[in-house]
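Note sheet for the following structure.
Numbers restart at 1 for each chain; the letters A, B, ... are given by sequence-line order, proteins then strands.
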Amino acid sequence: MQTDVLAGLNPAQRDAVEHIEGPLLIIAGPGSGKTRVITHRIAYLVRVCGVSPYRIAAVTFTNKAAREMRERLDRLLGARAQELTAGTFHAFCASILRRDGQVIGLDRSFVIYDQEDQQSLIKRAMEEANIDPKRYPVGAILSVISKAKSELLEPAQYAATVKSYYEEIVLRVYERYQGMLNQSNALDFDDLILRVVRLFEQSPETLEKYRSRYLHLMVDEFQDTNVVQYALAKLIASKYRNICVVGDPDQSIYSWRNADIRNILSFKKDYPDTVVVNLGENYRSTKNILDTAQSLIKPNKARIERELWTSKGAGAPIIVKEAHTEEEEAQMVVDEVERLVKRENLHYSDCAVMYRINAQSRALEEACLRFGVPYRLIGGLRFYQRKEVKDVIAYLRVIQNPYDEVSLTRIINTPPRAIGSRTVEDATAWARGRSLPLYAGLQALVDARGDGVLNPRAVASVERFLLLMTGLREESAKLGAADLLDAVVERTGYRQYLMESSNDRGAEQWENVLELRGQAVEIEELAPEVGLEAFLEKVALVSDVDHLDQSKDALTLITLHQAKGLEFPVVFIVGMEEGLLPHARSRDDPAELEEERRLCYVGVTRAQQRLYLFRAFRRQMMGGSMAGVPSRFLQDIPPQLIATSTTAGTPTISGVTGRPSRGAAPVNGSASNQSAPMPSPLKAGDRVTHKQFGEGIVVNCVAAGTDHEVTVAFKSAAGVKRLLHSMAGLQKAG
DNA sequence: ATGTTTATTATTTTT
DNA sequence: TAATAAACAT
């Protein structure tokens, strides 16, 4: 039995699996078999050491990671795997709070607010506090509040740290915001963790219940934990001290979401008897790719030197290419993907294109569409953030918890039912004056016939709305989540509202609602008795990457951030330019630059066999066109790992030589410094023809390096295009 | 109360 | 450029 759990593990992995007593820190390089170690360690605990799975908790950051862990354990442990606690920090905390939250005065039916809900609540808090959202952007305030919460600073504690006037403003908003959350019986993501920590602090009995249950605790992606999450982990492990954390400081890319790498250092301090295991053997990538990754990450100062190795061969060289424009860059990607599929016997799904910002996906999408390459775009407009999906969820939330003010104000006039912003404002003020929650305030106002603040028409509308909601709330007691959803979209007229809406997306929006319904059906099958509650929780704590179905054979388009934890035989990283990777916003902060470097490292280490690094000389950004300087990261790759290749029909420019200088940037490699642009080949008003787009008129023609950028308005559906003269093959017509 | 126009502003987003 | 939000007019 023992041999079979340990079989196939390398010595370091085996050390990690067999070390089961006391604190353990596993530093897991990319592709080092981390998940394998975690799952085998759990299997070892259960099958060899006789620990009940019921007494083991494994915490991750994504549902996907949790699910994968579960699936693998199903194979290793069979049915017993079900007893294991495996989930995200947030899901774990939500279930603790549903069970034991009453101890700190939390109502069981609380709802969970996502970022959009938070923003709308903060906005209202600012309005009520008379703070100008122009001077103090909502997003910025929210991120400060979130940071405070992630450091265990509730308004009272935060108040003690306030030093600047700005923080004074934040404090004022924070206090109000938290008050409104409480009144709405709502928790934001940070609260989920924070409240559990407070629960454990305030109720030793509750803490005892959990810390004595969990003989073993494992934390995945430890480099991404924030202060609160680590505090929680310490509390859970405070009885038995069997805490195992797994992470890789070089893959820390979420510091902007308050992840704190220092937790790794704290861990060694908090647990001086920590055993550290280094997983350095990489099973994922070829030697060339791994060497590239290492040369990229090496320059980081705030880093512990570490070697990774592989027994794989060198493999294909890294391919670095330069395109003129982002369109050409996208086309080069697509061409190469096609070549790999046709000639190298690969599938589309073996390939992924990664980029720094979502806006970059557009050119790629267009190229895929044009050349008929099937693709799968991750992120972008996220399912659960779509208006129609959020609207329906808001109805369900109000049914579960009528105090949820964000959802209530969202749906009170959607579809339009003659309850305008004026009515809502007046009613809110009236309710505030009596310290009533909005929903109760509306009821009281109807009973008081408007009480002089609402006109009879408005009172009638509100009364009709309340009757509708009361009816639905009664239904909710007898209906499952899916049936309830049906009742909502029918009785509120939401379905009709979508179908008849003037925009042409109505049918598509309705499709999304149906997809949401499908998920309700799924949940009901799993947990029929807690239908609505389970559904809403799932919907709040689940992301889109979770639904990534690998079944369809398609090219994956994904941001570098989202790519963490994934792997592909072929990886393209596009936009290897200063200002994009590293992103311009990180330019002035060395710590942020190091994070950009880690982000690049994460991207590179996703590749198993082939890696392509592309950039464009010119890129459309914020309306204008920007000259792209090669990313400084390209300089750090040893030239011998790179294949110098030629783009068909275009001169190869060795833009990877010479450190990019700030300011005066050569647009076109070596040539541009000396040679003046060629004389203008075309001028505005010239008639031209293009072999693909047909006839057109030149709108503009400007020098771009040694080339010219020609803007042409085509007669065809192509419309106005910007083309490089050398590339476009424009024929001047009479 | 709702459709239209102007103004504004552009990373990343595990939960 | 293009998407979204606030201001505006109806």
Side-chain angles (χ1 to χ4, degrees), chain A residues 59-66 87-94 112-116 118-120 123 133-134 137-139 142-143 146 150 187-193 220-221 223-226 228-229 251-259 354-360 362-363 378-382 384-385 387 413-424 457-458 461 501-503 537-546 558-566 575 579-587 592 595-596 598-600 602-603 619-626 720 722:
Chain A
V59 196
T60 62
F61 272 85
T62 63
N63 293 296
K64 189 165 163 282
T88 65
F89 269 104
H90 296 86
F92 181 52
C93 288
I112 300 165
Y113 277 179
D114 68 14
Q115 194 183 323
E116 198 192 321
Q118 292 184 64
Q119 291 219 358
S120 74
K123 216 187 237 157
K134 290 249 164 60
V138 177
L142 173 57
S143 84
S146 176
S150 79
L187 299 179
D188 63 25
F189 286 133
D190 297 311
D191 281 338
L192 286 173
I193 324 278
D220 192 14
E221 304 283 14
Q223 79 280 353
D224 289 337
T225 52
N226 63 32
V228 192
Q229 288 159 339
Q251 290 186 67
S252 161
I253 54 174
Y254 281 105
S255 73
W256 51 279
R257 297 238 341 220
N258 309 316
M354 302 177 185
Y355 37 83
R356 179 64 236 264
I357 62 172
N358 282 119
Q360 288 175 266
R362 248 194 61 186
I378 312 294
L381 16 95
R382 300 148 62 81
Y384 294 103
Q385 266 163 247
K387 186 188 172 299
N413 199 33
T414 311
R417 49 171 75 88
I419 306 176
S421 53
R422 183 67 195 276
T423 306
V424 176
R457 269 178 64 103
S461 305
S501 69
S502 50
N503 71 45
E537 186 152 311
K538 187 90 181 175
V539 152
L541 298 178
V542 106
S543 79
D544 285 359
V545 210
D546 297 329
I558 193 169
T559 64
L560 287 161
H561 280 94
Q562 293 188 107
K564 198 184 76 172
L566 304 177
L580 211 45
L581 186 63
H583 195 274
R585 292 227 334 208
S586 314
R587 188 173 24 195
E592 284 181 39
E595 183 148 318
E596 295 288 305
R598 291 193 293 270
L599 189 55
C600 189
V602 165
R619 192 174 290 276
Q620 304 276 112
M621 288 193 82
M622 291 183 235
S625 173
M626 298 268 299
V720 179
R722 225 177 271 188

Secondary-structure notation, DNA chain B, from Watson-Crick and G-U pairs under 3.5 angstrom (| other strand): ||||||||||.....
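Partners of Ser146(A) according to the side-chain contact (heavy atoms from CB on, under 4.5 Å) rule, which considers only residues two or more places apart in sequence or in another chain, are Asp190(A), Asn258(A). Every residue meeting the side-chain hydrogen bond (donor to acceptor under 3.5 Å, both in side chains) condition with Gln251(A), not counting sequence neighbours, appears here in chain and number order: Asp248(A), Arg606(A). Scanning for ring-ring contact (aromatic ring centres under 6.0 Å, His included) contacts around Tyr113(A) gives an empty result, with sequence neighbours left out. Listed by chain and number, the residues in a side-chain contact (heavy atoms from CB on, under 4.5 Å) with Arg257(A) are Tyr254(A) (sequence neighbours excluded). Ala91(A) pairs by the side-chain contact (heavy atoms from CB on, under 4.5 Å) definition with Thr88(A), Leu541(A), not counting sequence neighbours. Taking the ring-ring contact (aromatic ring centres under 6.0 Å, His included) definition, one finds that Phe189(A) meets it with His90(A), sequence neighbours left out. Under the side-chain contact (heavy atoms from CB on, under 4.5 Å) criterion, Pro137(A) pairs with Ala140(A), not counting sequence neighbours.
Cys600(A) SG to Ile253(A) CD1: the interatomic distance, rounded to the nearest 0.5 Å, is 11.5 Å.
Shown here for Gly575(A) and Leu581(A), the closest heavy-atom pair between the two residues is O-CB, 3.9 Å.
With dT11(B), dT15(B), dT13(B) as the candidates, the nucleotide lying closest to the side chain of His90(A) is dT15(B). The side chain of Trp256(A) sits closest to dT13(B) out of dA10(B), dT15(B), dT13(B). Which of dT12(B), dT15(B), dA1(B) sits closest to the side chain of Arg356(A) comes down to dT12(B). Comparing dA1(B), dT15(B), dT13(B) against the side chain of Thr423(A) picks out dA1(B) as the nearest. If you check dT2(B), dT15(B), dT13(B) against the side chain of Thr62(A), the one that comes closest is dT15(B). Considering only side-chain atoms of Arg257(A), the nucleotide from dT12(B), dT13(B), dA1(B) that sits closest is dT13(B). Taking every side-chain heavy atom of Asn413(A) into account, dT2(B) is the closest of dT15(B), dT11(B), dT2(B).
Rounded to whole angstrom, the span from the CG atom of Asn63(A) across to the P atom of dT15(B) amounts to 5 Å. Summarising the geometry, the separation between NZ on Lys64(A) and P on dT13(B) is reported as 15 Å, rounded to the nearest angstrom. The CD atom of Glu116(A) sits 13 Å away from the C1' atom of dT13(B) (whole-angstrom rounding). Atom CZ of Arg619(A) and atom P of dA10(B) are 20 Å apart (whole Å). The distance between atom CZ of Arg598(A) and atom P of dT11(B), rounded to the nearest whole Å, is 21 Å. Straight-line distance from the CG atom of Asp224(A) to the C1' atom of dT13(B): 12 Å, rounded to whole Å. The NZ atom of Lys387(A) sits 18 Å away from the P atom of dA3(C) (whole-angstrom rounding). We find that CZ of Arg422(A) is positioned 16 Å from P of dT2(B), with the value rounded to whole Å.
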So which protein N/O to nucleotides 5-7 of chain C N/O distances come out below 3.5 Å?
| from | atom 1 | to | atom 2 | distance (Å) |
| --- | --- | --- | --- | --- |
| dA6(C) | OP1 | Lys123(A) | NZ | 3.4 |

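Residue contacts for Ile419(A): at a heavy-atom cut-off of 4.0 Å it reaches the sugar-phosphate backbone alone, with no base atom in range. Across all strands shown, Glu595(A) has no heavy atoms under 4.0 Å from either base or sugar-phosphate atoms. Using a 4.0 Å heavy-atom distance criterion, Arg362(A) is classed as a sugar-phosphate-only contact.
Ion pairing of Arg356(A) with Glu596(A) is present here, as a side-chain N (NZ or NE/NH1/NH2) and a carboxylate O approach within less than 4.0 Å.
Where Arg585(A) and Ala418(A) meet DNA chain B, the nucleotide closest to each residue was compared, and Ala418(A) sits on the side nearer the 5' end.
Here the separation of dT11(B) from dA6(C), taken at their C1' atoms, is 24 Å to the nearest Å.
With 3.5 Å as the limit, one finds a donor-acceptor pair spanning the side chains of Gln223(A) and Glu221(A).
Residue Asn358(A) places at least one side-chain N or O under 4.0 Å from the OP1 or OP2 atom of dT13(B). Residue Gln562(A) places at least one side-chain N or O closer than 4.0 Å to OP1 or OP2 of dT13(B).
In this structure, the aromatic ring of His583(A) is positioned over the six-membered ring of the base of dT11(B), centres within 5.5 Å and planes within 30°.
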